[in-house]
Amino acid sequence: MTGTAKRLLLEVLGWILLLAGIAAMVLPGPGLLLMAAGLAVLSQQYTWAERLLDPVMLRALRGAAEGVETWPRVVLSTLAGLGLGAFGVLWIIGPDVPSWWPIGDKWWLFGGVWTGVTLLFSCVLALALLVYAFRRFHGKPEAVAALEGKIGEADVEAHEERERLRQKVEERRHHDKGER
């Protein structure tokens, strides 16, 4: 594979992951994790993606830590993941349209088998992430505190970077006015 083809393939993959992550913020799926994966790929080409990667990844980890903070959250997260799997199986089996279905038959389990496959994949991914988060954060306040510290540091760095950029823009404006 040529360098240009590889670069194009990685860029397309990065954008797909980033857009899927944005969509998964409102749809079932690990939105922040997909966004972080997309930014990781795009950071190979773009500095803006590199700057956004750490804050997004840290917030994804914060979400994981919050999801296993208490037993009710662990149970609800597990049930949600298993629910995705149950819907995936339903889509794959594809039962006949029930008599109570109020709209057109074509809207019953639309998307077909591949929708079921993606729901099953989301189930496996969600449960794997739940296990990871449970092992890393549940009952470990020091791990959560360390993560919060990293988030605080990243926020300070981001603020300082915005200030540097703002000052650069101001200096450029003053310089441009001086030339006129």
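In this chain, residues are counted from 1 in sequence order. These values consider heavy atoms only, across backbone and side chains, with no hydrogens, waters or symmetry-generated copies. Worth saying up front: this structure is predicted, and the values here are computed from it rather than measured.
Partners of Ala143 by side chain to side chain contact (heavy atoms under 4.5 Å, CB included), not counting sequence neighbours, listed by chain and number: Phe137, Lys140. Under the ring-ring contact (aromatic ring centres under 6.0 Å, His included) criterion, Tyr46 pairs with Trp48, not counting sequence neighbours.
Between the NE2 atom in His138 and the CD atom in Glu69 there is a gap of 10.0 Å [rounded to 0.5 Å]. A distance of 11.5 Å separates CG of Leu17 from CE of Met35, quoted to the nearest 0.5 Å. For the atom pair OG1 of Thr78 and CG of Leu130, the computed distance is 4.5 Å after rounding to the nearest 0.5 Å. Note that the CG atom of Leu32 and the CD1 atom of Ile22 stand 10.5 Å from one another [nearest 0.5 Å]. Distance check: Leu79 CG to Leu84 CG gives 11.5 Å after rounding to the nearest 0.5 Å. Rounding to the nearest 0.5 Å gives a distance of 4.5 Å between CD1 of Ile92 and CG of Leu120.
Put simply, Leu147 and Val131 are part of two different groups of oily side chains (I, L, V, M, F, W, Y) that touch within less than 4.5 Å, one to the next. Side-chain heavy atoms closer than 4.5 Å link hydrophobic residues (I, L, V, M, F, W, Y) into clusters, and following such links, possibly through other members, connects Val89 to Val117. By the rule that hydrophobic residues join a cluster once side-chain heavy atoms approach within less than 4.5 Å of another member, Tyr132 and Val144 end up as members of one cluster. Residues Phe121 and Leu127 do not share a hydrophobic cluster, clusters being chains of Ile/Leu/Val/Met/Phe/Trp/Tyr side chains in contact below 4.5 Å. Hydrophobic clustering (ILVMFWY, side-chain heavy atoms < 4.5 Å, transitive): Leu129 and Leu76 are in distinct clusters.
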Kindly indicate, with the supporting measurements, whether the criterion side-chain contact (heavy atoms from CB on, under 4.5 Å) is fulfilled by Phe110 and Thr115. CA-CA 8 Å; Phe110 61 91; Thr115 299; 5.9 Å; no

Please evaluate residues Leu61 and Arg136 with respect to the criterion side-chain contact (heavy atoms from CB on, under 4.5 Å), reporting the C-alpha separation (whole Å), side-chain torsions for both, the decisive distance (0.1 Å), and the verdict. CA-CA 10 Å; Leu61 288 171; Arg136 181 165 178 189; 3.7 Å; yes

Kindly determine whether Asp105 and Trp108 satisfy side-chain contact (heavy atoms from CB on, under 4.5 Å), including the steps that lead there. CA-CA 5 Å; Asp105 289 0; Trp108 173 250; 5.7 Å; no

Applying side-chain contact (heavy atoms from CB on, under 4.5 Å) to Arg62 and Glu148, what does each step give before you reach the verdict? CA-CA 8 Å; Arg62 177 194 281 161; Glu148 289 298 330; 3.2 Å; yes

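Nearest heavy atoms, Val74 versus Val68: CG2-CA, 3.7 Å. What you find for Leu52 and Pro55 is that their closest heavy atoms are O-CD, 3.2 Å. Between Leu34 and Ala24, the shortest heavy-atom distance links the atoms CD1-CB, 4.2 Å. Residues Gly81 and Ala126 approach most closely at CA-CB, 4.4 Å, considering heavy atoms. What you find for Leu82 and Cys123 is that their closest heavy atoms are CA-SG, 4.4 Å. Among all heavy-atom pairs drawn from Leu109 and Pro95, the shortest one is CD1-CD, 3.6 Å.
Aromatic rings of Trp71 and Phe134 (six-membered ring for Trp) have centroids within the 6.0 Å cut-off, being under it.
None of Gln167, Lys168, Arg173, Arg166 except one satisfies the side chain to side chain donor-acceptor pair (under 3.5 Å) rule with Glu170; the exception is Arg173.
With contacts defined as side-chain heavy-atom distances shorter than 4.5 Å, the pair Trp91/Trp114 does not qualify.
A salt bridge is absent between Glu153 and Lys150; no separation between the charged side-chain nitrogens and carboxylate oxygens falls under 4.0 Å. We find that Arg59 and Asp54 are not joined by a salt bridge, their nearest charged nitrogen and carboxylate oxygen being 4.0 Å or further apart.
By the neighbour-count criterion of 12 heavy atoms within 6.0 Å, atom CZ of Arg164 is densely surrounded, having more than that number from other residues, nucleotides or ligands.
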